[in-house]
Novice: 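What follows is a single structure, and I will ask about it in a moment.
All chains are named by letter (A, B, ...) in the order of the sequence lines, taking the proteins before the strands, and each is independently numbered beginning at 1.
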There are 2 protein chains.
Amino acid sequence: MDTFNTDICSKPAAKFKALGHPVRFWIAQQLMKSEHCVHEFVELTQLDFSTISNHLSALKAADILSTEKRGKEIYYRLICPCTRTFIACVNGKLEKDKG
Amino acid sequence: MDTFNTDICSKPAAKFKALGHPVRFWIAQQLMKSEHCVHEFVELTQLDFSTISNHLSALKAADILSTEKRGKEIYYRLICPCTRTFIACVNGKLEKDKG
DNA sequence: TTGATGTTTGGCAATATAACAAAATGAATT
DNA sequence: AATTCATTTTGTTATATTGCCAAACATCAA
């Protein structure tokens, strides 16, 4: 076992923390299928633009999302495929638990 | 895209939230290699027994850990291998970013 | 009963947090 | 240059959480 070291564990933990909010988890889940831009998320949540923007910033700060500007819009997408895998697995487990 | 639904997203998000704390992330990481019991974590963190116990409870409540009692001790282990995979991937990414 | 191993509860102080509104940015279009 | 559109940043408020410790409680084995 390793001795616990805050500095070492804070960064990876922050990634999980970023996904640990219903709205942010939902966003990541939507991005499993394809990229999307801010106003699409706003429409489907009924939340304020700024609220969604802040959630997206949080995910980006945790290096979970990347952005690309095309035309007037900014497209968000998942950086790491393992996020997809883990989300899928978590969802799978939850499905099983139901039945 | 799916409409956002709090009920649906809260449970999976809670799993991420559970891992979104440095100490809990570290615990999960240690359990990637082998099972351990409470006092081992206490020794290596210098935290109170109750503090560690609460962190373990949080992870268990999120269905990330399972327990087994053997003799005097209670052994904790990771339930889902995909957690291992995701942690390894997150760590790998962070390693890359450094270099 | 005693000792070892964990859990639960209570309390506190600090911190975080989510959300909205309004102002600001910046690119693209006119 | 001015305007418009998409998004971000800032300010604020209220709320909730949370992490931690300490002390009490539970369980089991010797």
Side-chain angles (χ1 to χ4, degrees), chain A residues 1 4-28 30-31 35-77, chain B residues 1 4-7 9-11 13-28 30-31 35-77:
Chain A
M1 287 236 280
F4 170 66
N5 179 323
T6 309
D7 296 335
I8 292 173
C9 295
S10 292
K11 278 196 180 180
K15 288 209 171 200
F16 285 95
K17 190 177 181 182
L19 289 164
H21 183 280
V23 169
R24 289 195 296 268
F25 175 81
W26 173 81
I27 288 175
Q30 301 316 304
L31 293 175
E35 57 185 16
H36 291 287
C37 36
V38 188
H39 67 263
E40 302 184 75
F41 295 126
V42 173
E43 283 159 25
L44 291 167
T45 54
Q46 309 273 39
L47 290 170
D48 198 89
F49 254 92
S50 61
T51 301
I52 293 296
S53 181
N54 282 323
H55 281 311
L56 289 167
S57 296
L59 288 166
K60 203 182 168 189
D63 290 321
I64 287 166
L65 305 185
S66 63
T67 58
E68 189 191 340
K69 188 161 200 174
R70 284 207 307 278
K72 282 186 185 172
E73 289 157 334
I74 296 177
Y75 288 84
Y76 282 84
R77 79 172 78 93
Chain B
M1 286 236 281
F4 171 67
N5 178 323
T6 309
D7 296 334
C9 295
S10 291
K11 277 197 182 180
K15 287 209 173 201
F16 285 94
K17 191 176 181 182
L19 289 164
H21 183 278
V23 168
R24 290 195 296 267
F25 175 81
W26 173 81
I27 288 174
Q30 300 317 304
L31 293 175
E35 58 185 15
H36 291 288
C37 35
V38 188
H39 68 263
E40 302 185 76
F41 295 125
V42 173
E43 283 160 24
L44 289 166
T45 54
Q46 308 274 38
L47 290 169
D48 198 89
F49 253 92
S50 61
T51 301
I52 293 295
S53 180
N54 282 323
H55 281 310
L56 289 167
S57 295
L59 288 167
K60 203 182 169 188
D63 289 320
I64 288 167
L65 304 185
S66 64
T67 56
E68 189 191 342
K69 189 161 196 171
R70 285 208 306 277
K72 284 185 185 172
E73 288 158 334
I74 296 177
Y75 288 84
Y76 283 83
R77 76 172 79 94

Novice: Would you please confirm or rule out a distance under 4.0 Å between OP1 or OP2 of D/dT8 and any side-chain N or O of A/Tyr76?
Specialist: yes
Novice: Looking only at heavy atoms, which two atoms of A/Leu47 and A/Val42 are closest? And how far apart?
Specialist: O-CG1, 3.3 Å
Novice: Distance-only, no hydrogens or angles: does the B/Glu40 side chain make a donor-acceptor pair with backbone N or O of B/Cys37 under 3.5 Å?
Specialist: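 A pair under 3.5 Å: yes.
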Novice: Without decimals, in angstroms, what is the distance between B/Asp48 CG and C/dT7 C1'?
Specialist: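 Going from CG in B/Asp48 over to C1' in C/dT7 covers 12 Å.
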Novice: Taking C-beta and beyond as the side chain, do A/Arg24 and A/Leu19 meet within less than 4.5 Å on heavy atoms?
Specialist: no
Novice: Just compare C/dT8, D/dC20, C/dT7 and give me whichever is closest to any side-chain atom of B/His55.
Specialist: D/dC20
Novice: If you check every side-chain atom of A/Cys37, which of D/dT9, C/dG6, D/dT7 has the closest atom?
Specialist: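 In terms of side-chain proximity for A/Cys37, the closest of D/dT9, C/dG6, D/dT7 is D/dT7.
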Novice: Can you check the B/Leu65 CG to C/dT7 P distance for me, whole Å?
Specialist: 11 Å
Novice: Can you identify which nucleotide, out of C/dT8, D/dT10, C/dT7, has its nearest atom closest to the B/Ile74 side chain?
Specialist: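 Per side-chain heavy atoms of B/Ile74, the pick is C/dT7.
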Novice: Within the 4.0 Å heavy-atom criterion, would you say A/Arg24 contacts the bases, only the backbone, or no part of the nucleic acid?
Specialist: sugar-phosphate
Novice: Please classify the nucleic acid contact of A/Ile52 as base, sugar-phosphate, or nothing, using heavy-atom distances under 4.0 Å.
Specialist: nothing
Novice: Could you tell me how far apart A/Leu56 (CG) and D/dT8 (P) are, to the nearest whole angstrom?
Specialist: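 Rounding to the nearest Å, CG of A/Leu56 and P of D/dT8 are 7 Å apart.
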Novice: Any donor and acceptor pair, going by atom type alone, linking the side chain of B/Thr45 with main-chain N or O of B/Phe41 inside 3.5 Å?
Specialist: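 Checked: pair present.
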Novice: So does A/Thr51 reach the base of C/dA18 with its side chain, donor to acceptor, closer than 3.5 Å?
Specialist: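 By the distance-only test, no, there is no pair.
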Novice: For the pair made of NE2 in B/His39 and P in C/dG6, what is the distance, rounded to whole Å?
Specialist: 6 Å
Novice: Within the pair B/Lys69 and D/dT27, is there a side-chain N or O less than 4.0 Å away from OP1 or OP2?
Specialist: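 So the side-chain polar atoms of B/Lys69 never come under 4.0 Å of the phosphate oxygens OP1 or OP2 of D/dT27.
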